[in-house]
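Along the sequence shown, residues carry numbers from 1. Worth knowing before you read on, the calculation uses all heavy atoms, side chains too, and leaves out hydrogens, waters and symmetry mates.
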Amino acid sequence: QVQLVESGGGLVQAGGSLRLSCAASGRTFGTYAMGWFRQAPGKEREFVAAISASGGITYYSDSVKGRFTISRDNAKNTVNLQMNSLKPEDTAVYYCTARISGLIRSRSDESNYWGQGTQVTVSS
């Protein structure tokens, strides 16, 4: 069982930045692909970014490419999402996910574990 705990959400003005973090349990964190998804009110959950177990491969949705950066620290069992140039349409609950084997490319069913989520609100 893998437990994921997100932090770093909050309220920010458009154009601002936030850094989300996700702490994972387990001694084999370095073998998990990690991802971030988000869900806005009344909308379907959507892919944001993902990173391979080694950190050498990353994926981004077109809507965040160039503004968000995913990274991981396998020594600390954490994955981060640096969000810059935030827009009101980035407002959502952001979820950290983990996949035990393989990559997370964009589909939510590729993830085996999910965190509880952290709220990000961007005001205009």
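- Taking OG1 of Thr118 as the reference point, atom CD of Gln116 lies at 11.5 Å (rounded to 0.5 Å).
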Discussion item. Let's go through Trp114 and Arg45 carefully: what are the C-alpha distance in whole Å and the side-chain angles of both, what is the deciding distance for side-chain contact (heavy atoms from CB on, under 4.5 Å) to 0.1 Å, and is it a yes or a no?
Written reply: CA-CA 12 Å; Trp114 291 72; Arg45 188 174 294 173; 3.3 Å; yes
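- Between Ala40 and Thr91, the shortest heavy-atom contact is CB-O, 3.5 Å.
- To the nearest 0.5 Å, atom OH of residue Tyr59 and atom NZ of residue Lys65 are 11.0 Å apart.
- Taking each heavy atom of Ala53 and Asn74 in turn, the nearest pair found is O-ND2, 3.1 Å.
- Summarising the local packing, CD of Glu89 is surrounded by more than 12 heavy atoms from other residues, nucleotides or ligands at distances under 6.0 Å.
- Proximity of a side-chain donor or acceptor of Arg67 to a complementary backbone N or O of Ser85 within less than 3.5 Å is detected.
- Between Gln82 and Asn80, the side chains place no donor N or O within less than 3.5 Å of an acceptor N or O (distance only, hydrogens not considered).
- Atom CG of residue Asp73 and atom OG1 of residue Thr78 lie 4.5 Å apart, to the nearest 0.5 angstrom.
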Worksheet item: Is there a side-chain contact (heavy atoms from CB on, under 4.5 Å) between Ser108 and Glu44 once you walk through the steps?
Response: CA-CA 11 Å; Ser108 60; Glu44 293 187 355; over 6 Å; no
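- Remark: side-chain polar atoms of Arg72 are paired, donor with acceptor, to backbone N or O of Ser52 under 3.5 angstrom.
- For the pair Thr97 and Ser111, the tightest heavy-atom approach, listed with the atom from each and the gap, is OG1-OG, 2.8 Å.
- Heavy-atom contacts from other residues, nucleotides or ligands closer than 6.0 Å to CD of Gln119 number more than 12.
- Clustering of Ile, Leu, Val, Met, Phe, Trp and Tyr side chains at separations under 4.5 Å places Leu18 together with Val2, Leu4, Val12, Leu20, Phe29, Tyr32, Met34, Trp36, Val48, Ile51, Tyr60, Val64, Phe68, Ile70, Val79, Leu81, Met83, Leu86, Tyr94, Ile100, Tyr113, Val120, Val122.
- Nearest heavy-atom pair across Ser124 and Ala14 is CA-CB, 4.3 Å.
- Applying the salt bridge (Lys or Arg N to Asp or Glu O under 4.0 Å) criterion to Arg38, with sequence neighbours excluded, gives Glu46, Asp90.
- Listed here is the closest heavy atom pair of Gly26 and Asn77: O-ND2, 2.8 Å.
- Remark: Thr121 OG1 to Gln13 CD distance equals 13.0 Å, nearest 0.5 Å.
- The list of disulfide bond (SG atoms under 2.5 Å apart) pairs with a residue in residues 56-86, not counting sequence neighbours, is empty.
- Taking every heavy atom of both residues into account, Gly115 and Glu6 meet most closely at CA-OE2, 3.2 Å.
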